[in-house]
Novice: 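What follows is a single structure, and I will ask about it in a moment.
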There are 2 protein chains.
Amino acid sequence: MRHVILATVLMASPAWADIGIVEKQSFTLEDFQTRGGAVIPEMTLGFETYGTLNEARDNAVLITHHFSGNSHAAGRYAEDDAAPGYWDAIIGPGKPIDTDRWFVVSADTPVNLNANDPNVITTGPASINPDTGRPWGMDFPILTIGDFVDSQLGLMEQLGIERWHAVMGPSMGGLQAQEWAARYPDRLTRVAPVIAAGWADAWLTAWLEVWAAPIRLDPNWQGGAYYDGAPPLDGLAQSLSIVTLHANSEDWADTTFGRTWADEAQDPGASWDGDFAVTRTLADGGAERAAMADANHFLYLVRANQQFVAGHPDEGVEQGLRDIDVPVLMIHSPTDLVFTADAVQRTARIIGEDGTPVELVALSGARGHLDGIANIAEAGDAIRDFLER
Amino acid sequence: MRHVILATVLMASPAWADIGIVEKQSFTLEDFQTRGGAVIPEMTLGFETYGTLNEARDNAVLITHHFSGNSHAAGRYAEDDAAPGYWDAIIGPGKPIDTDRWFVVSADTPVNLNANDPNVITTGPASINPDTGRPWGMDFPILTIGDFVDSQLGLMEQLGIERWHAVMGPSMGGLQAQEWAARYPDRLTRVAPVIAAGWADAWLTAWLEVWAAPIRLDPNWQGGAYYDGAPPLDGLAQSLSIVTLHANSEDWADTTFGRTWADEAQDPGASWDGDFAVTRTLADGGAERAAMADANHFLYLVRANQQFVAGHPDEGVEQGLRDIDVPVLMIHSPTDLVFTADAVQRTARIIGEDGTPVELVALSGARGHLDGIANIAEAGDAIRDFLER
């Protein structure tokens, strides 16, 4: 008996390893046609891969990133990086997205938020418009989630991959995953949208505008033409702090901060210099993140998300979801305020109405939307099974 | 049988009438001492009353108003007013707060949001500081919900009322109601906080800062010293549109707007001039409300709410709630994002732990926080019973 128990314990302990050092690469698409009918002469984007593409070229898994993320989904650039890629908990040798089996591909989106991060390679309003030799600013074409997917289609062709074994990603990455399945059903065999719904409803559209508004109020924004002067960092910092709060939960805020003041000696009831720990921390975090981000890119991301309807927007919000015929794994957080349980559940219902297999997994964490990143390991078995099915 | 049914129908049909024309009055407190230790030489505030104070002076019900409200709780100032006071559905002859029985009193708070509304009488940063002859601006003392209650205590004394039959109000009004019960237990016989919790937790504190931030980003704000120039209307409008959204619900947004564009001819995917109906409507509503409001007053209200702990903040968040010994009726909305079901339920639990009778009523509407105003009639019977018990 003793031996059996010991064996079980050994088997249950995960035989996985970290993915190690990874490297950002880049690819370029010439004359990129946007869904809106514009042409971008040169679109250069970063990407990362983990694992090895097999000879049949049929073991590739595409990971699509969230609003404030980039293609750094796993691993580290250097041994002493503070943190690995955002889904490192589930990507690596022996992990649920097992890089011993799957060739994982992840690309930076166009108009990526962190245009000033040296590890992000993107094309957007902060890039040089070859026609003028100056930054595009708000003259850059308005993009859609469909355009992000089309840029990944370009990468797919360059890599010589015909069909993804799976497409999956959190939040805005989940929108891209659904867009893949609805629009290019022959180019993937399964899809896993995480903390994401099938379209931007009026509620989400309005909240995204709340995110964007501080940038436009910052006098440095200048209608987006700030590249010769000081960028609108105060507005951008506030926008980023709203995103952090909105993606989180009451439980997180109360447990982490309670009613503590930012500075014990500064009563927020006695002076406007006083502040609460929760608001000071959010403000400081926003300011820190703003240094790497571009305000116009933020606005372009908001507009891309607001426009989102999976598949064929002209045919209503449901048609694209009905077009999804590959097996679907949806992972969501019941305390999510961005993509609410209601929105995710109605998406799953519509996809499944015509018999498409849909598995809906609820995370049990208390971090709201962020559970789709911070707590994704909880869905590890469901992801592993889904990929191997 | 037929007769019985008919009689039931007749009895069930409410025998109530509208309250008719009401009038704003005002009262003044000299040398008002704030909880923070400041003195405001002259505090003039508006109030309204409905019904008649009886000879025993023991039938007075105090109604305390919400963040963007004022003392206009019922009736109309003129026959052709677009709408009556905010709780007109439950205040009037024969209504749940029956003005044939109860003498209803409602006062404008200090630092009232709508300082520019001719029907609001308040004292705050937009008022003249008698020491300088100029608007106080951000030199006005930072106030608390406790100060609002103390201003109502001043009115109570001027009216010759020893004890309120009840204190009740929605949202920030519910905070004031709890403050009354926790701090002045001998001055009321029952309390009914509506869509409100017993303290501002870190989550609410952070969201209130999201409400306030647009004002500070508006270059016209000028650190609050805008009274000689153009007020920060863009920031204030954005702040007000966030309040509207936050107080509402996904169901409301989706049912009302869907994915409709603001202008059929302006595709938000084709041009930055395009917009969605939901965001345009929120922006227009914010701009309209900003005309009556004062940006500094908004900031003072936010800080008052952020500081809120019922009763005795220095003794922790629970002590004041334990001090409440009068019967409590709490009415809340399960879809409320401002004062969440979690926050309301833990408040009710703490109040009731020492045996204080607490009745918790959940509204069934789909308007989120706003159900406490728009849908309050649903709790009419509970309110009527509570007042007559």
Side-chain angles (χ1 to χ4, degrees), chain A residues 35-37 138 142 144 199-210 213-214 216-219 224 234-235 238 241-242 245-246 248-260 267-272 274-279 282-283 299 303 306-307 309 313 317 337 340 342-343, chain B residues 35-37 138 142 144 199-210 213-214 216-219 224 234-235 238 241-242 245-246 248-260 267-272 274-279 282-283 299 303 306-307 309 313 317 337 340 342-343:
Chain A
R35 296 268 177 101
M138 301 302 276
I142 295 176
T144 63
W199 69 92
D201 65 11
W203 184 243
L204 176 64
T205 299
W207 278 108
L208 287 165
E209 200 71 16
V210 170
R216 292 197 179 87
L217 283 166
D218 188 321
D234 290 345
Q238 177 57 24
S241 79
I242 298 175
L245 181 66
H246 199 194
N248 243 301
S249 68
E250 184 163 23
D251 186 73
W252 161 80
D254 295 348
T255 307
T256 312
F257 301 101
R259 290 191 37 82
T260 312
D267 179 354
S271 157
W272 289 103
D275 207 350
F276 295 91
V278 64
T279 54
L282 285 166
L299 298 179
R303 187 56 65 97
Q306 286 176 323
Q307 292 179 81
V309 174
V317 296
L337 291 174
T340 63
D342 276 359
Chain B
R35 296 268 176 101
M138 302 302 276
I142 294 176
T144 62
W199 68 93
D201 64 12
W203 184 242
L204 176 64
T205 298
W207 278 108
L208 287 165
E209 201 70 17
V210 170
R216 293 199 178 86
L217 283 166
D218 188 322
D234 289 346
Q238 177 58 23
S241 79
I242 298 174
L245 182 67
H246 199 194
N248 242 303
S249 68
E250 184 163 25
D251 185 73
W252 161 79
D254 295 348
T255 307
T256 310
F257 301 102
R259 290 193 36 84
T260 312
D267 179 354
S271 159
W272 289 104
D275 207 349
F276 294 91
V278 64
T279 52
L282 286 166
L299 298 178
R303 186 55 65 96
Q306 286 176 324
Q307 292 178 79
V309 174
V317 296
L337 291 174
T340 64
D342 277 359

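Residue numbers begin at 1 in each chain, while the letters A, B, ... track the order of the sequences. Note that the structure is a prediction, hence the values are computed from the model and not measured.
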Novice: Chain A heavy atoms under 4.5 Å from B:Arg216: which part of the residue, side chain, backbone, both or neither?
Specialist: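 It is the side chain, since no backbone atom gets that close.
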Novice: What part of B:Glu250 gets within 4.5 angstrom of chain A, counting heavy atoms only: side chain, backbone, both, or neither?
Specialist: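 For B:Glu250, backbone and side chain are both near chain A.
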Novice: A:Leu282, A:Asn248, A:Asp218: which one forms the most heavy-atom pairs within less than 4.5 Å of chain B?
Specialist: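 The residue among A:Leu282, A:Asn248, A:Asp218 with the greatest pair count is A:Asn248.
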Novice: Which atoms of A:Ser249 come close to chain B, meaning under 4.5 Å heavy atom to heavy atom: side chain ones, backbone ones, both, or neither?
Specialist: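 Just its backbone gets close to chain B.
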Novice: Would you mind checking which part of A:Ala200 comes under 4.5 Å of any heavy atom in chain B, side chain (CB onward), backbone (N, CA, C, O), both or neither?
Specialist: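 Interface part for A:Ala200: both.
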Novice: A:Val210 and A:Ile242: which non-hydrogen atoms are nearest, and at how many Å?
Specialist: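 Distance-wise, the nearest heavy atoms are O-CD1, 3.7 Å.
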Novice: Taking all non-hydrogen atoms of both residues, which atom of A:Phe257 and which atom of B:Ala202 are closest, and how far apart?
Specialist: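 The answer is CB-CB, 4.0 Å.
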Novice: Report the option among A:Leu217, A:Val309, A:Thr144 that has the most heavy-atom pairs separated by less than 4.5 Å from atoms of chain B.
Specialist: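 Looking at each of A:Leu217, A:Val309, A:Thr144 in turn, A:Leu217 comes out on top.
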Novice: Taking every heavy-atom pair that is under 4.5 Å apart, which of A:Phe276, A:Trp252, A:Trp199 has the most such pairs with chain B?
Specialist: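 Most heavy-atom pairs under 4.5 Å with chain B: A:Phe276.
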Novice: A:Ala206 versus chain B, heavy atoms under 4.5 Å apart: side chain, backbone, both or neither?
Specialist: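 Interface part for A:Ala206: both.
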Novice: Would you call the rings of B:Trp207 and B:His246 parallel, tilted or perpendicular, where under 30° means parallel and over 60° means perpendicular?
Specialist: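 B:Trp207 vs B:His246 ring planes: tilted.
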Novice: So which part of B:Leu337 gets closer than 4.5 Å to some heavy atom of chain A, the side chain, the backbone, both or neither?
Specialist: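 Just the side chain, heavy atoms under 4.5 Å.
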Novice: Is a side-chain donor or acceptor of A:Arg259 paired with a backbone partner of B:Gln307 at a separation under 3.5 angstrom?
Specialist: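 Checked: pair present.
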Novice: Which bit of A:Leu208 is near chain B, if near means a heavy-atom gap under 4.5 Å: side chain, backbone, both or neither?
Specialist: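 Interface part for A:Leu208: neither.
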Novice: Identify which part of A:Thr279 has an atom lying under 4.5 Å from any heavy atom of chain B, answering side chain, backbone, both or neither.
Specialist: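 Interface part for A:Thr279: side chain.
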Novice: What part of B:Ser271 gets within 4.5 angstrom of chain A, counting heavy atoms only: side chain, backbone, both, or neither?
Specialist: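 For B:Ser271, the contact with chain A is made by the backbone alone.
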Novice: With only heavy atoms counted, which part of A:Asp342 is less than 4.5 Å from chain B, the side chain, the backbone, both or neither?
Specialist: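 For A:Asp342, the side chain is the part near chain B, not the backbone.
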